[in-house]
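Below is one structure, written out as structure tokens, with a few remarks after it.
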Amino acid sequence: MTPNSPALPGPLVGAEWLAARLGEPGLVLFDASVGAHRGAGRRIPGARPFDLDGELSDHGAPAPHTMPGADRFTEAVRALGVDDTDTVAVYDGAGIYSSARAWWMLRAMGFDRAAVLDGGLPAWTAAGLPVEDARPAYDGPRGSFTARPRPGLLVGAGAVAEALADPAAAVLDARTRERFAGAAPEPRPGLRGGHMPGALNLPFGELQREDGRMRPAGELREAFTALAGERERLYFSCGSGVTACVLALGADLAGYRRLAVYDGSWSEWGLPSDERPVAVGPAR
């Protein structure tokens with residue numbers, strides 16, 4: 001880290017912290033909103049678009065929001081003006097939804113100087129802080145970022161199947177209880193309803209307070225311990241690998257260190273397959 005890059009207090013920063021450092025050299029701010037929030041037309045001043053619906057997903061993969069390879073990720077992040085020595089803050093328009101995915105992707109590619117804005121854009125505006133009209137693209141200078149992949153932070157179906165059979169590991173699904181049980185239809189066509197046999201259900205919103213900010217570390221630890229017991233190896237899944245990263249953020253804040261996100265998540269596991277079994281009803 002260079003002297004010009006702000007030091008992070010941890011993987012989560014508040015609106016006051018960001019407001020005090022906005023515009024400082026060495027600080028890059030990303031808007032990682034997806035869906036309707038991506039086109040909302042306003043942003044925190046100076047934010048650059050970390051487009052998970054666009055170039056920062058591998059559209060050649062069968063599942064949406066798949067992590068691109070190291071070379072493509074390097075090129076995309078360099079095009080956003082990020083240097084290896086920078087500090088990155090990331091937010092989204094929903095609160096803490098897709099911003100955690102951007103944070104986890106950077107971590108999986110070897111970049112640790114990144115944090116999520118607690119409560120996202122709603123918390124920023126609730127604090128009376130300024131916004132500006134969003135621009136469609138970043139057009140500043142390129143950066144020197146280089147991806148250095150860390151194996152095991154983003155995993156495939158095989159690793160998740162092994163974790164489901166491992167009594168020392170727990171697989172937690174961030175989808176709603178209705179989708180987990182197979183009582184509500186999946187939003188993506190062609191997917192089976194239900195969950196992986198042996199998985200546990202922890203809807204990502206349960207890690208957040210009513211105002212959209214993350215719950216305190218002690219409460220987060222209690223939420224994970226209530227499901228996983230003493231197990232310290234945690235694997236996270238969701239619909240397409242996005243809100244699973246909210247669980248990863250919560251677990252990191254709670255002090256867990258052996259964490260992995262299932263990149264394909266239910267968009268892969270839920271496809272018709274004799275090799276990936278499905279259970280319905282509440283977790284057993």
Stepwise salt bridge (Lys or Arg N to Asp or Glu O under 4.0 Å) test for R43 and E132: CA-CA 5 Å; R43 66 177 187 180; E132 64 182 11; 2.7 Å; yes

On a heavy-atom basis, which atom in L8 and which in A114 lie closest, and how many Å separate them? CD1-N, 3.4 Å

Below 4.5 Å, heavy atoms only, C-beta onward: do L253 and P11 meet side chain to side chain? yes

One should read off an interatomic distance between S267 OG and H65 NE2, to the nearest 0.5 angstrom, of 9.0 Å

Could I get the full list of side-chain hydrogen bond (donor to acceptor under 3.5 Å, both in side chains) partners for R48, not counting sequence neighbours? none

Nearest heavy-atom approach of L220 to L207 is CD2-O, 3.6 Å

Calculate, to the nearest 0.5 Å, the distance between atoms OG and CZ belonging to S265 and R175 respectively. 8.5 Å

Contact summary for T243 and C238, nearest pair of heavy atoms: OG1-CB, 3.2 Å

Does a donor on one side chain and an acceptor on the other come within less than 3.5 Å for R21 and T87? no

For Y97, look at atom OH and say whether over 12 heavy atoms of other residues, nucleotides or ligands are found less than 6.0 Å away. no

When you compare the side chain of W124 with that of P130, does any pair of heavy atoms fall below 4.5 Å? yes

Indicate yes or no for a side-chain donor-acceptor contact from S33 to the backbone of G93 under 3.5 Å, with no hydrogens or angles considered. yes

What heavy-atom pair brings A199 and F180 nearest, and what distance separates the two atoms? O-CZ, 3.5 Å

Pairing residues for F111 by the ring pair (Phe, Tyr, Trp, His ring centres under 6.0 Å) criterion, not counting sequence neighbours: F145

Check whether any side-chain heavy atom of L234 lies under 4.5 Å from a side-chain heavy atom of L172, and answer yes or no. yes

Is it true that the NZ or CZ of R179 lies under 6.0 Å from the centre of W266's six-membered ring and within 45 degrees of the ring axis? no

Side chain to side chain contact (heavy atoms under 4.5 Å, CB included) for V82 and T74? Distances and angles first, verdict last. CA-CA 10 Å; V82 180; T74 293; over 6 Å; no

Within one Ile-Leu-Val-Met-Phe-Trp-Tyr cluster: M105 and L80, side-chain cutoff 4.5 Å: yes

W103 versus S98: any side-chain heavy-atom pair under 4.5 Å? no

Looking at Y256, is R221 sitting on its ring face, NZ or CZ under 6.0 Å from the six-membered ring centre and within 45 degrees of the normal? yes

Compare all side-chain heavy atoms of Y262 with those of E268 and state whether any distance is below 4.5 angstrom. yes

Show the numbers, then the answer: is there a side chain to side chain contact (heavy atoms under 4.5 Å, CB included) between L164 and Y235? CA-CA 9 Å; L164 289 165; Y235 292 72; over 6 Å; no

Side chain to side chain, D92 and L121, heavy atoms closer than 4.5 Å: no

Heavy-atom closest pair (W17 atom, A7 atom, distance to 0.1 Å) is CZ2-O, 3.4 Å

From CA spacing to verdict: salt bridge (Lys or Arg N to Asp or Glu O under 4.0 Å), R213, E219: CA-CA 13 Å; R213 292 182 297 147; E219 293 182 15; over 6 Å; no

Can you tell me how far CZ of R231 sits from CG of D166, rounded to the nearest 0.5 angstrom? 9.0 Å

So that I can tick it off, tell me whether R177 and E206 are bridged by a salt bridge, with the cut-off set at under 4.0 angstrom between side-chain N and carboxylate O. yes

So if you build clusters from Ile, Leu, Val, Met, Phe, Trp, Tyr with side-chain heavy-atom gaps below 4.5 Å, do V28 and L12 land together? yes

Is there a side chain to side chain contact (heavy atoms under 4.5 Å, CB included) between D118 and V13? Walk through the geometry before answering. CA-CA 6 Å; D118 198 8; V13 297; over 6 Å; no

Where the side chain of S5 meets the backbone of T85, is there a donor-acceptor pair that is under 3.5 Å apart? yes

Check R215 with E222, please: is the shortest side-chain N to carboxylate O separation under 4.0 Å? no

Got a sec, which residues hit salt bridge (Lys or Arg N to Asp or Glu O under 4.0 Å) with R72, two or more places apart in sequence or on another chain? D58

Under a 3.5 Å distance rule, please check whether H59 uses its side chain to pair with a backbone N or O of G54 as donor and acceptor. yes

Same apolar cluster: L249 and V34, side chain cutoff 4.5 Å: yes

Any non-hydrogen side-chain atom of L200 less than 4.5 Å from a side-chain atom of D173? no

Short side-chain to backbone donor-acceptor contact, R233 and R257, under 3.5 Å: no

Does any non-hydrogen side-chain atom of L153 lie less than 4.5 Å from one of R107? yes

Between R42 and D133, is there a side-chain N and carboxylate O pair less than 4.0 Å apart? no

Check: G270 main-chain N/O paired with R192 side-chain donor or acceptor under 3.5 Å: yes

Output, in order, the C-alpha distance, side-chain angles, deciding distance and verdict of salt bridge (Lys or Arg N to Asp or Glu O under 4.0 Å) for R150 and D112. CA-CA 11 Å; R150 290 184 173 126; D112 288 330; 2.7 Å; yes

Hey, is CZ on R135 packed in by over 12 heavy atoms from elsewhere, all under 6.0 Å? no

Any sub-3.5 Å donor-acceptor pair from D53's side-chain atoms to G35's backbone N or O? yes

Are E55 and R78 close enough for a salt bridge, meaning some N to O gap below 4.0 Å? no

Is V280 reachable from M196 through a run of hydrophobic residues whose side-chain heavy atoms are each under 4.5 Å from the next? no

Grab the two heavy atoms, one from W104 and one from C245, that are nearest each other, plus how far apart they are. CB-SG, 3.8 Å

Cluster link F204 to F236, ILVMFWY, side chain under 4.5 Å: yes

Testing L129, L22, D31 one by one against I44 for a side chain to side chain contact (heavy atoms under 4.5 Å, CB included), which residue passes? L22

Side chain to side chain contact (heavy atoms under 4.5 Å, CB included) for S57 and T66? Distances and angles first, verdict last. CA-CA 5 Å; S57 291; T66 297; 5.8 Å; no

